[in-house]
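Within every chain, numbering begins at 1; the chains are lettered A, B, ... in the order of the sequence lines, protein sequences first and strands thereafter. When reading the values below, keep in mind they use all heavy atoms of this one structure, side chains included, and skip hydrogens, waters and symmetry mates.
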There are 2 protein chains.
Amino acid sequence: MPRSTAGQTGRPPVTSRPEILAAARRLIDRDGWEKLTIRGLAGELGIGATTLYHHVRDKEDLLLLLLTEYAAQLPRPELPADPRDRIVAAGVLIHDAFAAWPWAAEVLTTDGFIARIGDPALWVVETILAGAADHGCTPEQGVLVFRNIWYFTVGEILVRANTARRHPDADFPPAENSPFTGGGSEHLPYLTAVAPQWGEIAQANTFAQGLTALVDGLLAQAKP
Amino acid sequence: MPRSTAGQTGRPPVTSRPEILAAARRLIDRDGWEKLTIRGLAGELGIGATTLYHHVRDKEDLLLLLLTEYAAQLPRPELPADPRDRIVAAGVLIHDAFAAWPWAAEVLTTDGFIARIGDPALWVVETILAGAADHGCTPEQGVLVFRNIWYFTVGEILVRANTARRHPDADFPPAENSPFTGGGSEHLPYLTAVAPQWGEIAQANTFAQGLTALVDGLLAQAKP
DNA sequence: ACCTGAACACCGTTCAAGT
DNA sequence: ACCTGAACACCGTTCAAGT
């Protein structure tokens with residue numbers, strides 16, 4: 001008996017989990033991740049919306065599968081030998097992975113997915129812990145280093161992704177209609193002075209620089 | 001002619017913007033901010049849902065009003081004289097304000113509100129820019145310092161708030177069902193070693209410590 | 001086995017009609 | 001002036017019925 005198409009019982013499938021995940025990625029890449037809806041995804045596949053529930057537990061499960069697939073597929077490059085440089089490089093890797101897929105970072109925080117990414121993503125955590133230990137950190141200090149890097153990275157991606165969505169070249173303050181650009185700005189001299197250049201300054205990618213500052217500060221704290 | 005109740009034309013109001021904002025805060029404090037819906041808010045006030053649109057442009061406008069009101073009401077304490085300590089203190093202030101109202105941080109990133117908070121919140125930005133300048137930073141470096149602090153702070157609050165929502169005492173990895181706690185964890189020795197204590201370590205509030213590391217690292221970069 | 005439409009319990013928002 | 005219900009265009013999800 002052939003095991004693939006013959007001898008089956010019941011109605012034949014119209015889709016599969018891999019097909020669903022591929023369609024979801026297509027939809028996200030095309031319209032943005034906030035447009036990924038169960039109904040829209042079913043439409044993309046040309047099937048009934050409720051059919052999806054036979055291949056995926058719920059929408060949260062779908063997002064988790066998407067994230068896991070993405071994480072597993074990421075390259076795993078050679079890292080520098082120096083512990084400090086290795087930690088920075090690992091942080092940059094996390095950052096670049098999520099910067100290319102900003103919705104992933106958003107999902108990761110907004111829904112508390114952090115604790116549920118599987119094996120394929122854990123080697124980055126291991127790399128940072130190992131780097132900290134090589135530098136002379138205790139395990140506790142290593143965890144601290146990782147968590148602080150994680151905070152910084154998530155924050156940078158979320159702020160950058162969301163400000164880009166609205167103000168293509170501005171960032172924090174100097175919206176033309178902002179109250180401080182009008183009258184009464186005497187008590188905000190520094191802000192008023194940099195306001196014109198803020199947008200330009202904010203546009204530069206300074207993530208690696210900021211991360212380096214954070215890592216250096218953390219390692220200095222751990223080993224005085 | 002009395003100016004309050006007599007001589008008016010048209011149907012009398014059933015609510016007002018301050019009443020709406022107060023009800024919204026009540027709802028958020030009681031049920032969490034994801035439960036704040038236009039319909040639910042109208043229900044809380046005992047009025048028709050569509051009536052709200054006569055006092056508030058839309059839901060985004062409502063959230064912005066809420067944020068502005070909250071920011072305006074925050075205390076404005078005395079800060080240390082030393083520039084570095086002042087920057088750290090200002091960062092801790094931002095953090096504590098949003099940590100007490102985590103949904104505000106979430107709104108701030110998820111909807112790109114950052115560029116639109118008004119005057120009452122800008123003095124913190126000014127404080128950080130002034131501190132950086134006092135330390136010898138250029139205006140560009142000052143902006144960099146502020147932005148990095150902002151990333152770190154937002155990230156910390158979002159990650160902490162959302163992991164707390166699900167895993168009361170865990171944070172990143174050691175969920176009991178995590179793949180690496182089972183077999184095949186030989187290539188993750190550091191992670192495996194700290195796994196049992198991770199939750200406990202992650203529970204401590206190390207924000208000020210992490211922020212200090214970041215600020216020290218940034219200031220060291222700016223003035224070698 | 002797998003698929004489906006109808007239905008449930010929600011959203012934010014608009015608009016013509018009422019007071 | 002202000003308020004309102006009905007309606008529009010959506011959500012995620014369940015479930016009985018079909019193939």
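Remark: the separation of the C1' atoms in D/dA7 and C/dC11 is 14 Å, to the nearest Å.
Taking the six-membered ring where tryptophan is involved, the planes of A/Tyr70 and A/Trp101 are essentially parallel, since the angle between them stays under 30° and well short of 60°. The aromatic rings of A/Phe207 and A/His95 lie parallel to each other, their planes meeting at an angle below 30°, with 60° marking the opposite boundary.
In terms of heavy atoms, A/Leu45 sits closest to A/Glu19 at CD2-O, 3.9 Å.
A/Leu52 has its CG atom 15 Å from the C1' atom of C/dG5, to the nearest Å. When rounded to the nearest whole Å, the span between CD1 of B/Ile47 and P of D/dG5 equals 11 Å.
No salt bridge links A/Glu44 with A/Arg39; every basic N to acidic carboxylate O contact stays at or beyond 4.0 Å.
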Residues B/Phe152, B/Asn148; criterion side-chain contact (heavy atoms from CB on, under 4.5 Å); working and verdict: CA-CA 6 Å; B/Phe152 183 71; B/Asn148 282 314; over 6 Å; no
Derivation and outcome, side-chain contact (heavy atoms from CB on, under 4.5 Å), residues A/Leu93 and A/Leu74: CA-CA 10 Å; A/Leu93 276 177; A/Leu74 287 172; over 6 Å; no
Any chance you could lay out the side-chain contact (heavy atoms from CB on, under 4.5 Å) test for B/Tyr151 and A/Leu158, step after step, and finish with the verdict? CA-CA 8 Å; B/Tyr151 297 152; A/Leu158 292 183; over 6 Å; no
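For A/His55, no side-chain nitrogen or oxygen approaches OP1 or OP2 of C/dC2 to under 4.0 Å.
Applying the side-chain hydrogen bond (donor to acceptor under 3.5 Å, both in side chains) criterion to B/Glu126, with sequence neighbours excluded, gives no partner residue.
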Heavy-atom contacts, protein to nucleotides 10-19 of chain C, under 4.0 Å, summarised as B (base), S (sugar-phosphate only) or - (none) per nt, yield -BBBBB--BB
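Counting only Watson-Crick or G-U wobble pairs whose defining distances are both under 3.5 Å, the stems of 3 or more consecutive pairs in DNA chain C are C:4-8 with D:12-16, C:12-16 with D:4-8.
At the heavy-atom level, B/Thr15 lies under 4.0 Å from the strands shown only through sugar-phosphate atoms.
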